[in-house]
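Counting begins at 1 with the first residue of the sequence. Reckoned from all heavy atoms, side chains included, excluding hydrogens, waters and symmetry mates. Remember, it's 1-based here, ligands and their atoms both numbered in the order they're listed.
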Amino acid sequence: MSPSRKNLISTAVAALALSTFATLPVQAQGQPALKVGLMLPATGTFAALGTAIENGFKLYVAEQGGKLGGREIQYFKVDDESDPSKATDNVNKLIKRDNVDVIVGTVHSGVALAMARAVKESNTLLIVPNAGADAITGPLCAPNIIRSSFSNWQPGYATGVIAAQKGYKKAMTITWGYAAGQETVKGFSEAFEKGGGKVIKDLSLPFPNVEFQALLTEIAAQKPDVVFAFFAGGGAVKFVKDYDAAGLKKSIPLMGSGFLTDGTLEAQGASAQGLLTSLHYADSLNTPRDNAFRNKYAVTYKAQPDVYAVQGYDAAQTLAAGLVAVKGDFKQRDAMVAAMRKMTVDSPRGKYTLSAAHNPVQDFYIREAKGRENVMTGIAVKVLPDPARGCKM
Ligand code: BEZ
């Protein structure tokens with residue numbers, strides 16, 4: 001063989017080897033890590049809620065050996081501060097700068113609404129592990145948006161059912177004046193008035209304001225049979241303590257969607273004892289699934305889980321179901337979403353399915369605050385779907 005022909009052949013062999021090598025790592029090492037953007041509050045009144053969601057999500061991933069559908073997970077984090085005015089910029093850090101595959105977030109409804117609009121535009125997969133904004137599974141519903149939590153209407157409605165059943169006739173409501181508060185109150189009023197009650201006045205203050213005194217004075221003057229409140233996190237701690245300190249707890253029963261006392265009982269102390277709420281989780285379900293979750297969470301984080309931890313855990317379960325169905329091939333997004341939509345989530349809260357609008361269809365428990373637990377005393381509404389008003393999908 002002539003030297004020039006020998007050179008040609010060895011160059012060709014080298015080129016082939018190089019091209020094979022270039023494709024080899026993908027086949028040999030499997031697919032690259034899935035990029036998960038966590039957009040949650042790390043500061044402000046909802047900071048503890050964000051931590052619990054992240055803990056729950058990571059606990060489920062750890063239980064699967066650190067992979068979902070065979071994919072390692074790489075996290076990208078943004079503190080959204082529960083600030084809607086920064087929400088579009090914040091979500092775009094994950095979408096455009098970090099180029100994540102999926103976003104998990106957030107807690108605050110106003111922030112989540114901006115996120116939903118952004119992911120509709122970019123077609124990024126979004127799993128909402130708390131924020132209840134009705135529009136997310138209403139007019140803004142989309143194939144790429146799935147919730148592992150609730151719609152604001154749901155816990156409000158369930159609490160209205162209980163309040164009416166207890167025979168209260170005149171209610172006042174109090175909340176922060178943003179989507180979560182307004183929509184939860186709407187759900188409460190719908191069920192309470194259907195059950196024969198009347199809401200005589202709605203009170204509100206801007207989020208995250210906690211100067212409740214003037215509003216408590218008004219409640220004392222109006223003397224309703226019951227007060228319904230939506231507050232959460234640090235704001236819920238302050239409200240429950242102020243309600244008690246104002247002397248109202250003894251005279252006018254206080255009820256709320258379960259966020260009023262979830263993850264807050266230690267800080268609320270005696271002021272929360274005996275409060276009745278409704279939510280899709282309680283601390284004393286005492287099922288094998290919930291007990292196993294609670295034990296693992298307590299051992300891992302040296303803290304007790306709450307509803308937010310459960311929703312984070314279930315966000316990871318939802319993502320896992322999609323990824324397993326496509327063997328980790330995230331490009332098969334339609335097949336992934338179809339698997340997620342059809343799954344029955346084996347949640348610590350109890351099994352639930354997703355509605356056509358991608359919102360959990362789930363039981364709502366009656367809970368009573370006893371010691372450091374929201375103890376389940378019954379079921380307010382079984383398998384409650386969200387009405388998904390305005391969703392066209
Ligand atoms: C919300 O903004 O949707 C929300 C915040 C905290 C607890 C529950 C709902």
Side-chain angles (χ1 to χ4, degrees), residues 39-54 56 79-87 90-91 104-116 126-138 140 145 147-159 173-188 204-210 228-240 256-265 267-268 277-281 305-312 314-315 349 359-360 362 364 367 374 386:
M39 181 154 154
L40 295 166
T43 48
T45 198
F46 290 161
L49 289 55
T51 303
I53 290 169
E54 181 174 341
D79 172 11
D80 68 37
E81 304 170 47
S82 296
D83 186 344
S85 73
K86 298 181 183 163
N90 277 330
V91 73
V104 177
T106 188
V107 169
H108 184 286
S109 276
V111 176
L113 286 167
M115 293 173 75
L126 171 66
I127 302 178
V128 182
N130 184 71
D134 288 346
I136 289 175
T137 46
L140 288 176
I145 303 177
R147 229 185 324 227
S148 65
S149 51
F150 60 93
S151 75
N152 289 324
W153 178 91
Q154 285 177 308
Y157 186 90
T159 316
T173 71
I174 179 164
T175 188
W176 282 310
Y178 80 108
Q182 290 153 349
E183 293 168 358
T184 308
V185 161
K186 227 167 153 188
F188 172 83
S204 69
L205 71 174
F207 175 88
N209 197 326
V210 289
F228 171 80
F230 167 85
F231 293 105
V237 172
K238 173 92 169 28
F239 178 76
V240 165
S257 62
F259 306 109
L260 192 64
T261 55
D262 223 88
T264 53
L265 285 176
Q268 287 163 333
T277 61
S278 181
L279 206 62
H280 48 291
Y281 187 60
D306 53 22
V307 69
Y308 310 104
V310 170
Q311 294 169 165
D314 292 338
R349 74 186 85 170
N359 192 68
Q362 55 196 338
F364 278 79
R367 304 131 38 101
N374 288 290
D386 171 75

Does Phe207 come within less than 4.0 angstrom of ligand 1, counting non-hydrogen atoms of the residue?
-> no
Quick one: are Leu140 and Ile145 in side-chain contact, heavy atoms under 4.5 Å?
-> no
Are the side chains of Phe46 and Asn130 in touch, meaning some heavy atoms are under 4.5 Å apart?
-> no
Show the atoms of ligand 1 that are less than 4.0 angstrom away from any heavy atom in [X].
| X | answer |
| --- | --- |
| Phe259 | 7 (C), 8 (C) |
| Asn152 | 3 (O) |
| Ala180 | 1 (C), 2 (O), 3 (O) |
| His108 | 2 (O) |
| Ala232 | 6 (C), 7 (C) |

In terms of residue, atom name and distance, what is the protein heavy atom nearest to atom 1 (C) of ligand 1?
-> Val107 O, 3.1 Å
So which protein heavy atom does atom 2 (O) of ligand 1 come closest to, and at what separation?
-> Tyr178 OH, 2.6 Å
Shortest non-hydrogen separation from Asp386 to Trp153 and the atoms involved | OD1-CB, 4.0 Å
For Asn130 and ligand 1, does the shortest N/O to N/O distance drop below 3.5 Å?
-> no
Is Ala131 close to ligand 1, meaning an N/O of one under 3.5 Å from an N/O of the other?
-> no
For side-chain contact (heavy atoms from CB on, under 4.5 Å), just list the numbers for Leu205 and Trp176, CA-CA rounded to whole Å, side-chain angles, deciding distance to a tenth of an Å, and then say yes or no.
-> CA-CA 5 Å; Leu205 71 174; Trp176 282 310; 4.0 Å; yes
Given that the side chain starts at C-beta and the backbone is N, CA, C, O, which of these parts of Ser109 lies under 4.0 Å from ligand 1, counting heavy atoms, or is it both or neither?
-> both
Proximity of Phe150 to ligand 1 by residue part, where a heavy atom lies under 4.0 Å = side chain
For Val111 and Ser109, what are the C-alpha separation, side-chain angles and deciding distance, and is it a side-chain contact (heavy atoms from CB on, under 4.5 Å)?
-> CA-CA 5 Å; Val111 176; Ser109 276; over 6 Å; no
Should Gln311 and Phe150 be marked as a side-chain contact (heavy atoms from CB on, under 4.5 Å) after you check the CA-CA gap, both sets of side-chain angles, and the distance that decides it?
-> CA-CA 9 Å; Gln311 294 169 165; Phe150 60 93; 3.4 Å; yes
Is any NZ, NE, NH1 or NH2 atom of the basic residue among Asp314 and Arg349 found under 4.0 Å from an Asp or Glu carboxylate oxygen of the other?
-> yes
Any donor-acceptor N/O pair, Thr175 side chain to Phe230 backbone, under 3.5 Å | yes
